[in-house]
There are 2 protein chains.
Amino acid sequence: MNDVDYEVLSARLKVLAHPERLRILDALRREPECVCHLEALLGKPQPYVSQQLRFLREAGVICDQKQGQNVFYRVCDPEVSAWLEALLGRVDGRSMQRHEVVTACACPKCASVNLSLAA
Amino acid sequence: MNDVDYEVLSARLKVLAHPERLRILDALRREPECVCHLEALLGKPQPYVSQQLRFLREAGVICDQKQGQNVFYRVCDPEVSAWLEALLGRVDGRSMQRHEVVTACACPKCASVNLSLAA
DNA sequence: TTAATATATGCAAAAGATTATATATATCGT
DNA sequence: ACGATATATATAATCTTTTGCATATATTAA
């Protein structure tokens, strides 16, 4: 009669029920970020960040794409995207502000920011 | 700039991120239930059920009301109600079906059901 | 008062999640 | 090929959650 699978649903919620993972997801739903940026955002050691990313990746919530030395992550689960929007508000597509992420690494994104600052 | 408290939000999600608690909440958002019904619904020992109820009560998600020997619980957190609706679908106000809860206890609700069956 | 029923609490064992740290791999520049 | 940088993995220690079980309380009925 009621065919909700509470096991599956609660397991999916558990993925979000962690402060640092939520923070990562909130950043990634705006635009793809590389690990170095997330490391700066969280202020945690790199292996810690990579572990959370692995967790989210293996849960099917985020996807990775390698670009040179860097790996960019993005949210790739539509259901989780919708949940994040409900929980954290709609993300504003035009203003791609740097939201707390401040690094000076050599990744492609920083390179392009540095170019536009120089111009 | 972004004043989301990921600690608080993730703590609130953790309350829902548990299969038996989700099942309880799904029952309670339809209508108040007493402990004996929830015990039958979960098929778990009574102290287990009372413990989950205490957890939810202390998290401010459900409220209790004593009626004679029985204690009826209901969801009393509007935000969580809204989340449940998003996660599990809208609950249909008119058809208060007994959804899986089948007991023959002496609580007021069962008494009234038994009365209408006898009539 | 005693027994029965409904519910709650306390506590410890077991299971699971989180975090830190050491190390591995892979890519790039020289 | 070598060193530097970016990222990943493995493992173990710690911490938290979950669960089971014994017992307590409170209400009703006899």
Side-chain angles (χ1 to χ4, degrees), chain A residues 6-7 10-24 28 32-59 61-74 101 103-111, chain B residues 6-7 10-24 28 32-59 61-74 101 103-111:
Chain A
Y6 300 103
E7 285 286 348
S10 65
R12 286 174 67 67
L13 286 171
K14 220 170 273 185
V15 174
L16 302 200
H18 183 289
E20 305 300 348
R21 287 199 294 269
L22 258 190
R23 185 189 295 274
I24 289 173
L28 295 188
E33 298 283 1
C34 62
V35 181
C36 58
H37 284 148
L38 297 171
E39 199 183 330
L41 176 64
L42 301 196
K44 298 268 184 181
Q46 176 271 318
Y48 177 93
V49 177
S50 276
Q51 267 170 152
Q52 299 298 353
L53 290 170
R54 165 148 73 153
F55 185 110
L56 292 168
R57 176 163 27 88
E58 288 179 348
V61 169
I62 64 176
C63 295
D64 58 333
Q65 185 171 7
K66 190 168 269 189
Q67 261 183 53
Q69 315 187 75
N70 305 282
V71 177
F72 282 78
Y73 282 93
R74 67 192 167 79
V101 177
T103 47
C105 67
C107 77
K109 192 193 277 182
C110 282
Chain B
Y6 300 103
E7 286 286 348
S10 65
R12 287 174 66 68
L13 286 171
K14 221 169 272 185
V15 174
L16 301 200
H18 182 289
E20 306 300 348
R21 287 199 295 269
L22 256 189
R23 185 188 295 272
I24 290 173
L28 295 187
E33 298 283 0
C34 63
V35 181
C36 58
H37 285 147
L38 297 171
E39 199 182 331
L41 176 65
L42 301 196
K44 298 269 183 181
Q46 176 271 317
Y48 178 92
V49 176
S50 276
Q51 267 170 154
Q52 298 298 352
L53 290 170
R54 165 149 72 154
F55 185 110
L56 292 168
R57 177 164 25 88
E58 289 181 347
V61 169
I62 64 177
C63 295
D64 58 333
Q65 185 170 8
K66 190 168 268 188
Q67 260 183 55
Q69 312 188 78
N70 305 281
V71 177
F72 282 79
Y73 282 93
R74 67 191 168 77
V101 177
T103 48
C105 67
C107 78
K109 191 193 278 182
C110 281

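Residue numbers start from 1 in every chain, and the chains themselves are labelled A, B, ... in the order their sequence lines are given, proteins ahead of strands. Values below: every heavy atom of this structure, side chains too, minus hydrogens, waters and symmetry copies.
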Counting just side-chain N and O atoms, does [X] come under 4.0 Å of either OP1 or OP2 of [N]?
X	N	value
A:Tyr73	D:dA8	yes
B:Tyr48	D:dG20	no
A:Arg54	D:dT7	no
B:Arg21	D:dT17	no

Spacing of [X] atom [atom1] relative to [N] atom [atom2], expressed in whole Å:
X	N	atom1	atom2	answer
A:Gln46	D:dT9	CD	P	11 Å
B:Leu56	C:dT9	CG	C1'	16 Å
B:His18	D:dT18	NE2	P	5 Å
B:Lys14	D:dT18	NZ	P	9 Å
A:Lys44	C:dT19	NZ	P	6 Å
B:Leu38	C:dA6	CG	P	14 Å
A:Gln51	D:dT9	CD	P	10 Å
A:Gln69	D:dA6	CD	P	6 Å

Assuming nearest nucleotide by heavy-atom distance, tell me which of B:Gln52 and A:Glu58 is located more 5' along DNA chain D. A:Glu58
DNA chain D nearest-nucleotide lookup for B:Lys66 and B:Pro45: closer to the 5′ end is B:Pro45
Close side-chain approach of B:His18 and B:Phe55, heavy atoms under 4.5 Å: no
For the atom pair NE2 (B:His37) and CZ (B:Phe72), what is the distance rounded to the nearest 0.5 Å? 7.0 Å
When you measure from the side chain of A:Arg21 to the backbone of A:Gln52, do you find a donor-acceptor pair of N or O atoms at a distance under 3.5 Å? no
Mapping A:Pro47 and A:Ala17 to their closest nucleotides on DNA chain C, which lands nearer the 5' end? A:Ala17
Would you sort out whether B:Leu28 and B:Leu38 count as a side-chain contact (heavy atoms from CB on, under 4.5 Å), showing the intermediate values? CA-CA 9 Å; B:Leu28 295 187; B:Leu38 297 171; 4.2 Å; yes
Please name the pair of heavy atoms, one in A:Pro19 and one in B:Glu7, separated by the smallest distance, quoted to 0.1 Å. CG-OE2, 3.7 Å
